[in-house]
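Okay, so here's the structure we're looking at.
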Amino acid sequence: MSQGADILLGLQWGDEGKGKIVDVLTRKYDVVARFQGGPNAGHTLEFNGIKHVLHTIPSGIFHENALNIIGNGVVMDPIIFCKEIDKLLDMEPKCLDRLVISRKAHLILPTHRMLDAASEAAKGKNKIGSTLKGIGPTYMDKTGRNGLRIGDCELPDFMTRYEALKKKHLELLGDFEAPFDFTEAEAQWMKAVDRLRAMQLADTDVLIQETYKSGKKILAEGAQGTLLDVDFGTYPFVTSSTTTAAGACTGLGLAPNRIGEVIGIFKAYCTRVGSGPFPTELDNDLGQAIRDKGHEYGSTTGRPRRTGWLDLPALRYAVEVNGVTQLMMMKADVLSGLKELEVCTAYEYRGETITHLPYSLEEDLITPIYTTLSGWDEDLTGVTDVKNLPTSLEAYTRFIEQETGVPVVLISVGPDREQTLWRA
Ligand code: GDP
Ligand code: IMO
Ligand code: MG
């Protein structure tokens, strides 16, 4: 942990286990702040035998002493957000006291969701596999300078602004059939906005800067993963935000020279949900076995996640793009029982052997080259001391450290808070 602000983010295609680790780390921080994405995210954390899935709310919310901020880089669907709040209120009746929302965050309208569905339908077999939460169209309106922001709901002409944007969307949609009852969705949305207006809305960029200057510790929580970044991911099969470390600066109003540690999370293997290239994919029985053992089904959509071996050129790329200073390896327990583990260390790309991530990861251009390492048989889920982990897992971890040049400081061996082993 550094003096000021640290970032925690995913290094693969999302679902690395960010929610669990943010929850584990929160007791060391005063503020936890989400900086991008929206309800496309599903961050799971477990403690005392209960599992929680958060979509918009930062994963530090279960800790009484931490302030949770939804930053300006986030896009928010008031309906989904209020449902999340309602679920949370049962368990954490005071959660709204420690939750602050940026006025500069953008609102997802019901028509954004319709535009998302229309865009995917138009792409046919080339669809992105979007979560259909309206993420892409909302960020398009943001950069197109048409968006509606949370702070607008405090202005007297909010309804005029809403109607103007809705009209624009409906014109774009033409005869496209709404995938849900629009009148009902709109009424729900308005009700949710009314509730939102009564919550703690703030200029969170200023709040973050003041927090930093007062010597408090900030943890910036990423959503999605580096390979879904709009610039550095497997474009166009990406999300519409900057999921990499730079996104924490623009999504919170945090200057780059205030960032300390960049904590990168990865699974001991790879998963991807939605379309797009995945060089090390195991589209076979072994892939299915990993999916079953790792419960690899989307936290937001329930879709089966594609599974595959660890991809080191991709991981090294993610380490560089983000300036990762600490690695955390998740779901090591899922690989127990495999005699041998393949790890991709290079690619055959257009007749050449390369160790970097090339421009295109399309299947017909790229073939992964694997190194085989020994697996382990032991069930890891009850291990409480890193010294008791199998030697072949230690060798697997050291291999990753050598290949990336970054220490693996933590190994996760189960979904619960407690199933977390520190190596450093
Ligand atoms: P996030 O989006 O990065 O927060 O990750 P998700 O919550 O979407 O997916 C991670 C899934 O793996 C969740 O169901 C977690 O409860 C679970 N999980 C996290 N860490 C571990 C681990 O070390 N072992 C196992 N078996 N499950 C884990
Ligand atoms: P967390 O934060 C995994 C994927 C979708 C799709 C693509 C674009 O839980 O790790 P979008 O709805 O953003 O337009 O979808 O990105 N995707 C995720 N995959 N984890 C996520 O979030 C994701 N958020 C979006 O499946 O392929
Ligand atoms: Mg997730």
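All ligand and atom numbering here is 1-based and tracks the order in the structure.
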Ala41 heavy atoms, cut-off 4.0 Å: which ligand 2 atoms fall inside? 1 (P), 2 (O), 9 (O), 22 (O)
Are any of the N/O atoms in Lys20 less than 3.5 Å from those in ligand 1? no
Shortest protein heavy-atom distance from atom 19 (N) of ligand 2, along with the residue and atom involved: Val273 CG1, 3.4 Å
Can you name the residues that form a ring pair (Phe, Tyr, Trp, His ring centres under 6.0 Å) with Phe278, not counting sequence neighbours? Trp13
Can you tell me which residue and heavy atom of the protein come closest to atom 13 (O) of ligand 2, and the distance to 0.1 Å? Thr239 OG1, 2.6 Å
Is there any N or O on Glu16 that sits under 3.5 Å from an N or O of ligand 1? yes
Is there side-chain contact between Leu393 and Met329, with heavy atoms separated by less than 4.5 Å? yes
Out of all atoms in ligand 1, which are within 4.0 Å of some heavy atom of Val334? Include the element for each. 26 (N)
Quick test: of every protein heavy atom, which one is nearest to atom 23 (C) of ligand 2, and how far off is it to 0.1 Å? Gln224 CG, 3.6 Å
Tell me the protein heavy atom at minimum distance from atom 23 (O) of ligand 1, and give that distance in Å. Ser412 OG, 2.5 Å
In Å and rounded to the nearest 0.5 Å, what is the CD1 to CG distance from Ile265 to Leu410? 7.5 Å
Would Gly414 count as a contact residue for ligand 1, given that I'm defining contact as a non-hydrogen atom of the residue lying under 4.0 Å from a ligand atom? yes
For atom 26 (N) of ligand 1, what's the nearest protein heavy-atom neighbour? Residue, atom name and distance, please. Asp333 OD2, 2.8 Å
Among Asp23, Thr44, Thr381, which one has a heavy atom closest to atom 14 (O) of ligand 1? Thr44
Leu201 and Cys153 have their tightest heavy-atom pair at CD1-SG, 4.2 Å
Taking C-beta and beyond as the side chain, do Leu389 and Glu394 meet within less than 4.5 Å on heavy atoms? no
Considering only heavy atoms from C-beta outward, does the side chain of Ile135 approach that of Pro39 to under 4.5 Å? yes
Are Glu320 and Arg316 close enough for a salt bridge, meaning some N to O gap below 4.0 Å? no
If we check side-chain contact (heavy atoms from CB on, under 4.5 Å) with Phe35, which of these qualifies: Leu254, Ile208, Ile7? Ile7
Which ligand 1 atoms does Met330 reach within 4.0 Å, using its non-hydrogen atoms? 20 (N)
Between Gln36 and Thr250, is any pair of side-chain heavy atoms under 4.5 Å apart? no
How far is atom 27 (N) of ligand 1 from the closest protein heavy atom, and which atom is that? Lys331 CE, 3.3 Å
So, is Ser240 polar-close to ligand 2, with some N/O to N/O distance under 3.5 Å? no
For Arg303, the ligand 2 atoms with a heavy-atom partner under 4.0 Å come out as 5 (C), 26 (O)
Polar contacts were defined as any N/O atom of the residue lying under 3.5 Å from an N/O atom of the ligand; does this apply to Gly17 and ligand 1? yes
Looking at ligand 2, does any of its N/O atoms fall within less than 3.5 Å of an N/O of Asp116? no
Out of Gly42, Gly19, Gly298, Ser59, whose heavy atom is nearest to atom 6 (P) of ligand 1? Gly42
Would you mind finding which of Gly129, Gly274, Pro236 brings a heavy atom closest to atom 5 (C) of ligand 2? Gly129
Out of curiosity, Leu365 CG to Glu348 CD, how far, rounded to the nearest 0.5 Å? 12.5 Å
Would Lys133 count as a contact residue for ligand 2, given that I'm defining contact as a non-hydrogen atom of the residue lying under 4.0 Å from a ligand atom? no
Are Thr271 and Asp15 linked by a side-chain donor-acceptor pair shorter than 3.5 Å? no
Residues in side chain to side chain donor-acceptor pair (under 3.5 Å) contact with Glu296, at least two apart in sequence or another chain: Lys267, Tyr269, Arg305, Lys331
Non-hydrogen atom of Gly14 closer than 4.0 Å to ligand 1: no
Is Gln419 close to Glu46 at the side-chain level, that is, under 4.5 Å between some pair of heavy atoms? no
At under 4.0 Å between heavy atoms, is it the side chain or the backbone of Arg272 that contacts ligand 2, or both, or neither? neither
Between Phe47 and His52 (judged by ring centroids, cut-off 6.0 Å), do the two rings come close enough to count as a pair? yes
Identify, by atom number and element, the atoms of ligand 1 in contact range of Ser299, meaning under 4.0 Å from any of its heavy atoms. 6 (P), 7 (O), 8 (O)
Of the backbone atoms (N, CA, C, O) and the side-chain heavy atoms from C-beta on, which set of Val238 has a member under 4.0 Å from an atom of ligand 2: side chain, backbone, both, or neither? backbone
For Ala223, the ligand 2 atoms whose distance to one of its heavy atoms is below 4.0 Å: 2 (O)
Atom 12 (O) of ligand 2 sits nearest the protein heavy atom Thr131 OG1, 2.5 Å
Of all the heavy atoms in Gly225, does at least one lie under 4.0 Å from an atom in ligand 2? no
Looking only at protein heavy atoms, which one is nearest to atom 16 (O) of ligand 2, and how far off is it? Leu228 CD2, 3.7 Å
Exam field: side chain Asp6 to backbone Leu219, donor-acceptor pair closer than 3.5 Å: no
Nearest heavy atom to atom 10 (C) of ligand 1, choosing from Asn40, Asp15, Thr420, Val24, belongs to Asp15
Any idea which atoms of ligand 2 are less than 4.0 Å away from a heavy-atom of Lys18? 1 (P), 2 (O), 10 (O)
Ignoring waters, protein N/O/S atoms under 2.8 Å from the Mg ion (ligand 3) are Asp15 OD1, Gly42 O
With a 4.0 Å cut-off on N to O distance, would you call Lys167 and Glu163 a salt bridge? no
Considering only the protein, which heavy-atom contact is closest to atom 20 (N) of ligand 2, and what is its distance? Asp15 OD1, 3.1 Å
For Arg305 and ligand 1, answer yes if some heavy atom of the residue is under 4.0 Å from a ligand atom, otherwise no. yes
Using distance only, find each side-chain donor-acceptor pair of residues 76-88 under 3.5 Å and give its atom names and separation, not counting sequence neighbours.
unit_1, atom_1, unit_2, atom_2, d
Asp77, OD1, Ile79, N, 2.9
Glu84, OE1, Thr56, N, 2.9
Glu84, OE1, Thr56, OG1, 2.9
Glu84, OE2, His55, N, 2.8
Glu84, OE2, Thr56, N, 3.2
Glu84, OE2, Ile57, N, 3.4
Asp86, OD1, Arg195, NH1, 3.3
Asp86, OD1, Arg195, NH2, 2.8
Asp86, OD2, Arg195, NH1, 3.1

May I ask you to identify the nearest protein heavy atom to atom 15 (O) of ligand 2, giving residue, atom name and distance to one decimal place in Å? Ser130 CA, 3.4 Å
Heavy-atom pairs closer than 4.0 Å: do any link ligand 2 to the side chain of Trp13, the backbone, both, or neither? backbone
Heavy-atom side-chain contact between Cys95 and Leu89 under 4.5 Å: yes
